[in-house]
4 protein chains.
Amino acid sequence: MKKQRLKYKQIIEAAVEVIAENGYHASQVSKIAKKAGVADGTIYLYFKNKEDILISVFEEKMGQFIEQIASSIRHQNRADDKLETLIDKHFRQLAADHNLAIVTQLELRQSNSEIRQKINQVLKPYLVVMDDIITEGMEQRVFRDELNIPLVRQMIFGTLDEIVTNWVMKEQKYNLVDQVPLVHGFITNGLSAQQERGGAN
Amino acid sequence: MKKQRLKYKQIIEAAVEVIAENGYHASQVSKIAKKAGVADGTIYLYFKNKEDILISVFEEKMGQFIEQIASSIRHQNRADDKLETLIDKHFRQLAADHNLAIVTQLELRQSNSEIRQKINQVLKPYLVVMDDIITEGMEQRVFRDELNIPLVRQMIFGTLDEIVTNWVMKEQKYNLVDQVPLVHGFITNGLSAQQERGGAN
Amino acid sequence: MKKQRLKYKQIIEAAVEVIAENGYHASQVSKIAKKAGVADGTIYLYFKNKEDILISVFEEKMGQFIEQIASSIRHQNRADDKLETLIDKHFRQLAADHNLAIVTQLELRQSNSEIRQKINQVLKPYLVVMDDIITEGMEQRVFRDELNIPLVRQMIFGTLDEIVTNWVMKEQKYNLVDQVPLVHGFITNGLSAQQERGGAN
Amino acid sequence: MKKQRLKYKQIIEAAVEVIAENGYHASQVSKIAKKAGVADGTIYLYFKNKEDILISVFEEKMGQFIEQIASSIRHQNRADDKLETLIDKHFRQLAADHNLAIVTQLELRQSNSEIRQKINQVLKPYLVVMDDIITEGMEQRVFRDELNIPLVRQMIFGTLDEIVTNWVMKEQKYNLVDQVPLVHGFITNGLSAQQERGGAN
DNA sequence: AATGAATGAGCGTTCATTCAT
DNA sequence: GATGAATGAACGCTCATTCAT
């Protein structure tokens, strides 16, 4: 399995297109096979079952997605700069591939909990990247130091994810990357040393 | 239809239980009927079709959910107090009904886009509540005044939603309501008057 | 059962209308009840089951139909005059009640063989009327005398029935009664003393 | 679809048998599949849906039926000879295939109007054959020349159809083909040059 | 007599997966 | 390796009939 890389890739790409075009529930294996230019049975030479296709789509696409972000922040020093880059790359990559955005934000979420568990495994390295930024931010005293890391990471991820999902559902009518500074401001402010309540003095 | 409120409620409750126990895709109408203690056909005296059951579950449960939050903040004045109450009630209500939490955070999201559209309609009043708080916060100068309201609301909703989803997926091992102050702090900080970047050092 | 004649009639009339409007397969008992202005359950105080309604419709309507024809020919003497009257009344009555024509020619034929057997029982007196005309015609030497009565009756009935059915299916665009002389000519010719083959000239 | 002729034929034959044995309404797809020796799903590789099976049965069987009649009369000259052949072949073919006779005369008529419309389309060539004979008969002065062709055709078809239906309903107790001369005599007499009314005496 | 809420059996169709070629 | 015909389990919904009121 997964030997001949070419056909494997073809099927993955076909799956993304088919799911983006037809929606999760109307994406039959036979449609993916047709789009990939192979026979239905051939799919099963490269993937264990339909579930495996979906997870593999996520692995392939998210693997690149995460690596792209990780490598972009590698040479940066300040946690809040890293965070800004992370947000920028997160938005930029999804804005650049509409099909992928549709698939990851809307369609793949219709899969059953078992598949979603596995998808979460794939996301784990991304969460680690976030956790590291938070830790660094606390060390650098860029962020408050009493932060509950998993909680903060959930807040950041939830914020980014919801914004992208809304953008996809609004049929990508506006420019997602334009939102980066606002989002970054919101998050860094939220994480920085606490002011007195109510602020404005 | 929807005449005899009693049986209608019975079926709604049964649906929540069945979906929480079996997962969205394994929730057959016949299972719901059995759990509700009625015949399969009886379901269709109260609901147009299966889809209608699911949407009604959301309407009933989220209707209460939102109303509970809305009425709790009605008598409060400060936007950040309102926000704290909103977060508290949001978490508290889902923490109090584990089945409902599973259904809304995990299972109902597997529905097709048509159902999800309708679910989003039900959520709309909640988003309005949030928008109002943000507007008030700006007027009261509790929040910065140049905020992009829809964007901020997405960030708040995304934050809360992701935290609850994580809590549900972690099988509710910890106390969700305990997280309220941290989350509230994160958000109000994020929204309050901007400090110099990076703050402390 | 069949006690209070009023409601019984109401239901029969409603059934004809419902079947004519909706077609046989879309004529649910509940629709007939609604049109008749009674509760579903009331139907079963007057009829054993749905099948009984359909047969009763046929009994009521065809009873009149046949009686009308029988009484019209009673005072006539010549078999071929009787035949002409029979054809005329047959066409005239169905032309006068479009709903009935639709129901008897098209819709009731979609019933299963069991019901159709019973419908045929209702038709029997009509066939006897035809048989009597044929017998008389032979005695009067208006028709050939070696006729196979059941066969001839089938030919006559088949001829009339097919013509009416075609007229109904053509949505009654032309005048059915206008066809009487031609049909009568065809049949009496067919039944009269045999000429040499190829006939007249 | 309809590729591998063998299985297609198997299913058609199975459908005829199942319908003849069980009646139209008790002929489930699964029964047809079982009788044909294929899986339920296989049916749908060869037919669009159940309706398509029924129409195809009619197309296949009636196609042959009509072609058989058409080719038999092709080399004949006199219209009344052609008519006799038509009646003979009509009766002979249905007498030779009892299942087919049951299906076409009784069961398929229970189908809804949509299917019956399509069945009528299939019959159209047969009606054209009849129309041609009538036209020729008039040209050859074998028949009267003022005939209303569609009406005459309806009378002929109605006659034949009713005779076959009666024979089927009488459970085929007598020999259908024996009736040919009588029926032919009735029709040609009916169509030949008019004698004075009442004829013989 | 009349109601109408409740019942529950019954079936066409889809589609992931297999396997003979 | 590649094919694609064949498989068969699974389920939402309808509607004639009943029966407590």
Side-chain angles (χ1 to χ4, degrees), chain A residues 1 3-4 6-7 25-34 36-54, chain B residues 1 3-4 6-8 11 25-34 36-54, chain C residues 1 3-4 6-7 25-34 36-54, chain D residues 1 3-4 6-8 11 25-34 36-54:
Chain A
M1 236 163 253
K3 282 176 248 181
Q4 199 184 316
L6 173 65
K7 244 163 213 174
H25 290 289
S27 295
Q28 298 87 344
V29 171
S30 60
K31 255 184 204 159
I32 297 173
K34 191 170 212 176
V38 300
D40 292 16
T42 306
I43 296 273
Y44 291 86
L45 299 174
Y46 294 89
F47 299 90
K48 196 152 56 70
N49 49 34
K50 188 179 181 181
E51 182 172 309
D52 188 30
I53 304 174
L54 302 175
Chain B
M1 230 160 262
K3 278 172 273 185
Q4 203 183 314
L6 173 65
K7 231 156 227 176
Y8 177 79
I11 296 167
H25 286 107
S27 295
Q28 298 89 339
V29 171
S30 58
K31 258 185 203 157
I32 296 173
K34 191 169 212 174
V38 300
D40 291 17
T42 304
I43 297 273
Y44 293 87
L45 297 176
Y46 295 90
F47 300 91
K48 200 151 53 67
N49 48 35
K50 186 179 180 181
E51 181 173 307
D52 188 30
I53 306 174
L54 303 174
Chain C
M1 238 166 252
K3 281 176 252 182
Q4 199 185 318
L6 174 65
K7 243 161 213 174
H25 290 290
S27 294
Q28 298 86 344
V29 171
S30 60
K31 256 185 203 158
I32 296 173
K34 191 171 211 174
V38 300
D40 292 17
T42 305
I43 296 273
Y44 291 87
L45 298 175
Y46 294 90
F47 299 90
K48 196 151 56 70
N49 51 32
K50 186 179 182 180
E51 183 173 306
D52 188 30
I53 305 175
L54 302 175
Chain D
M1 232 162 257
K3 279 173 273 184
Q4 202 185 314
L6 172 65
K7 230 155 229 177
Y8 176 79
I11 295 168
H25 287 110
S27 295
Q28 298 89 339
V29 171
S30 60
K31 258 185 202 156
I32 296 173
K34 192 169 213 175
V38 300
D40 291 16
T42 305
I43 298 273
Y44 292 86
L45 297 175
Y46 294 90
F47 299 91
K48 199 149 55 64
N49 48 34
K50 187 179 181 182
E51 180 173 309
D52 189 30
I53 305 174
L54 303 174

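So you know, we letter chains A, B, ... as the sequences are listed, proteins then strands, and number each from 1.
When atom types are taken as modelled, the side chain of D:K31 and the backbone of D:A26 share a donor-acceptor pair closer than 3.5 angstrom. B:K34 places no side-chain N or O within donor-acceptor distance of the main-chain N or O of B:D40, the cut-off being under 3.5 Å. Using a distance-only test at 3.5 Å, with no hydrogens or angles considered, a donor-acceptor pair links the side chain of D:K50 to the main chain of D:S27.
With rounding to the nearest 0.5 angstrom, the CD1 atom of B:I53 is 11.5 Å from the NZ atom of B:K48. Here the CD1-CG distance, from C:I32 to C:L54, works out to 6.5 Å after rounding to the nearest 0.5 Å.
In this entry the distance linking CD of D:Q28 with P of E:dC11 reads 4 Å, nearest Å. Atom CG in C:D52 sits about 14 Å away from atom C1' in F:dT17, given to the nearest Å. The CG atom of B:L45 sits 13 Å away from the P atom of E:dG8 (whole-angstrom rounding). Taking atom NZ of C:K34 as the reference point, atom P of F:dC15 lies 14 Å away to the nearest angstrom. Atom pair C:E51:CD and F:dC15:C1' shows a separation of 16 Å (rounding to whole Å applied). Atom CG of D:L54 is separated from atom P of E:dG12 by 10 Å (rounded to the nearest Å). Per the geometry, NZ belonging to C:K31 stands 14 Å off C1' belonging to F:dA16, to the nearest Å.
For the pair B:H25 and C:N49, nearest-nucleotide mapping onto DNA chain F gives the more 5' position to B:H25. Both C:K50 and A:V38 lie close to DNA chain F; mapped to their nearest nucleotides by heavy-atom distance, the more 5′-ward contact belongs to A:V38. Nearest-nucleotide positions on DNA chain E for C:G37 and D:V29 put C:G37 closer to the 5' end. Where D:T42 and C:I43 each meet DNA chain E at their nearest nucleotide, the meeting point lying more 5' is that of C:I43.
Phosphate proximity of E:dA2 to C:K7: present, with a side-chain N or O under 4.0 Å from OP1 or OP2. Considering only side-chain N and O atoms, C:Y46 lies nowhere under 4.0 angstrom from the phosphate OP1 or OP2 of E:dA1.
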Enumerate the protein-to-nucleotides 18-21 of chain E contacts in which both atoms are nitrogen or oxygen and the separation is below 3.5 Å.
none

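Of all non-hydrogen atoms in B:I11 and B:F47, the two that sit nearest each other are CG2-CE1, 3.5 Å.
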Exercise for review: Can you run through DNA chain F from 5' to 3' and write each base as (, ), [, ], | or . depending on how it pairs? Watson-Crick or G-U wobble, both distances under 3.5 Å.
Suggested key: .||||||||||||||||||||
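Annotation: side chain of D:D52 is not in contact with side chain of D:Y46 (no heavy-atom distance under 4.5 Å).
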